[in-house]
2 protein chains.
Amino acid sequence: MAVAILLLKMIEFQFYFQKLSAEVYIGIIGVLFTLVGIWAGQRIARKRKMQQGIQQGEFKLDEEALLRTGISKREIEVLEWMARGLSNQEIADTLFVSLNTVKTHTASLFLKLDAKRRTQAIQRAKDLRLIP
Amino acid sequence: MAVAILLLKMIEFQFYFQKLSAEVYIGIIGVLFTLVGIWAGQRIARKRKMQQGIQQGEFKLDEEALLRTGISKREIEVLEWMARGLSNQEIADTLFVSLNTVKTHTASLFLKLDAKRRTQAIQRAKDLRLIP
DNA sequence: AGTTGATTCATACTTTTGGGTGAGGGATTG
DNA sequence: CAATCCCTCACCCAAAAGTATGAATCAACT
């Protein structure tokens, strides 16, 4: 901006001493400031895009879908491990519960996600943005 | 742009008949064209982003990973249906082969993807960009 | 012509997963 | 305090998935 003003003064100088017409002078100013504006506009847009980019990269759980399906916290935990490829027994070990407990959770999940298999449940959950 | 020039003419009119100083006139022009520039710059940025967005959304198979793992075309097919949540029997029906054939393909996939379960295989395949 | 790899299928067996049901304890809420 | 929901666990049975091995066919490459 400072550079622009400086240039403006120089042009103004020429305006008085070299008798450039007012129209040319105005035109130069217009072009100059338009360019400055374009530059500023792109900077603003880029900054906005960066902020959006971070949000896109991160996963945000869809709370609305959670309530709609009625899936509990524990069930989401099981779902997450399931999606990572763990077996029921492995999930049971990581969550410190019995295999039967994990089975009940998965059965409940299949019901709430309208899935017949764990692979299907994972697919549905991703569509509903319950897991990344 | 046309509107801007029109405004300019109006201001020019006032310049001559209301004796505004040249500095104020120049300032108004500068601000006006800066705003026009910002508007144009953001439009350009938005258009660029849209084009990028389309490319991001599309899936591109990682050929290199395919060769590295040595997974065949048929196996990829099985993998894709598997990831969509189909059972082995359902995959067999859609590909018009027997259940046993699908089992051999899946077994081969687990070996090549270093997975113990289908859920794990799907996860690995997504990481390797073999499936979307 | 022989080798190799992909695809297909089979049989037999084990493990995992899923379905159904019941039930006890804990937290919350009307 | 009764009702409800969540979490926990158990048992049984059926279905699906996974493991191991062998084998036939076919296309491509040497």
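Just so we're on the same page: letters track the sequence lines, and every chain starts at 1.
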Peer 1: Return the CD1 to CG distance between B:I71 and B:L109, rounded to the nearest 0.5 Å.
Peer 2: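 That separation rounds to 5.5 Å.
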Peer 1: For A:T69, what residues pass the side chain to side chain donor-acceptor pair (under 3.5 Å) criterion, not counting sequence neighbours?
Peer 2: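 A:T69 satisfies side chain to side chain donor-acceptor pair (under 3.5 Å) with no other residue.
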Peer 1: For the helix from C:dA1-D:dT30 to C:dG30-D:dC1, measure the angle between the helix axis at one end and the axis at the other, each built from five pairs, rounding to 10°.
Peer 2: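 That helix has its two terminal axes inclined by roughly 50°.
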Peer 1: Can you name the side chain to side chain donor-acceptor pair (under 3.5 Å) partners of B:T106, sequence neighbours left out?
Peer 2: none
Peer 1: Please name all residues satisfying salt bridge (charged side-chain N to carboxylate O under 4.0 Å, His left out) with A:R124, sequence neighbours left out, ordered by chain then number.
Peer 2: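 Salt bridge (charged side-chain N to carboxylate O under 4.0 Å, His left out) list for A:R124, sorted by chain: empty.
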Peer 1: What salt bridge (charged side-chain N to carboxylate O under 4.0 Å, His left out) pairs are there with at least one residue in residues 104-118 of chain B, not counting sequence neighbours?
Peer 2: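 Residue pairs passing salt bridge (charged side-chain N to carboxylate O under 4.0 Å, His left out), neighbours aside: A:E90-B:R117, B:E75-B:K112.
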Peer 1: Would you please name every residue forming a side chain to side chain contact (heavy atoms under 4.5 Å, CB included) with A:L95, sequence neighbours left out?
Peer 2: A:R74, A:E77, A:V78, A:W81, A:I91, A:V97
Peer 1: Applying side chain to side chain donor-acceptor pair (under 3.5 Å), name anything that partners A:T94, two or more places apart in sequence or on another chain.
Peer 2: none
Peer 1: For A:E75 and C:dG18, give me the distance from atom CD to atom P, rounded to whole Å.
Peer 2: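 It is 15 Å, rounded to the nearest whole Å.
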Peer 1: Within residues 105-132 of chain A, which residues have any heavy atom lying less than 4.0 Å from an atom of DNA chain D?
Peer 2: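 Output list: A:H105, A:R117.
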Peer 1: With B:D93, which residues qualify under side chain to side chain donor-acceptor pair (under 3.5 Å), at least two apart?
Peer 2: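 Once residues adjacent in sequence are excluded, the partners of B:D93 under the side chain to side chain donor-acceptor pair (under 3.5 Å) criterion are B:Q89.
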Peer 1: The criterion is salt bridge (charged side-chain N to carboxylate O under 4.0 Å, His left out); which residues satisfy it with A:E80, sequence neighbours excluded?
Peer 2: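 Checked A:E80 against salt bridge (charged side-chain N to carboxylate O under 4.0 Å, His left out); zero matches.
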Peer 1: For the pair made of CZ in B:R74 and C1' in C:dC9, what is the distance, rounded to whole Å?
Peer 2: 13 Å
Peer 1: In chain order, what residues pass the side chain to side chain contact (heavy atoms under 4.5 Å, CB included) check against B:R68, with sequence neighbours excluded?
Peer 2: B:E64, B:A65, B:L128
Peer 1: Let's see if you get this right: which residues in residues 79-104 of chain A place a heavy atom under 4.0 Å from DNA chain C?
Peer 2: A:S87, A:N88, A:K103
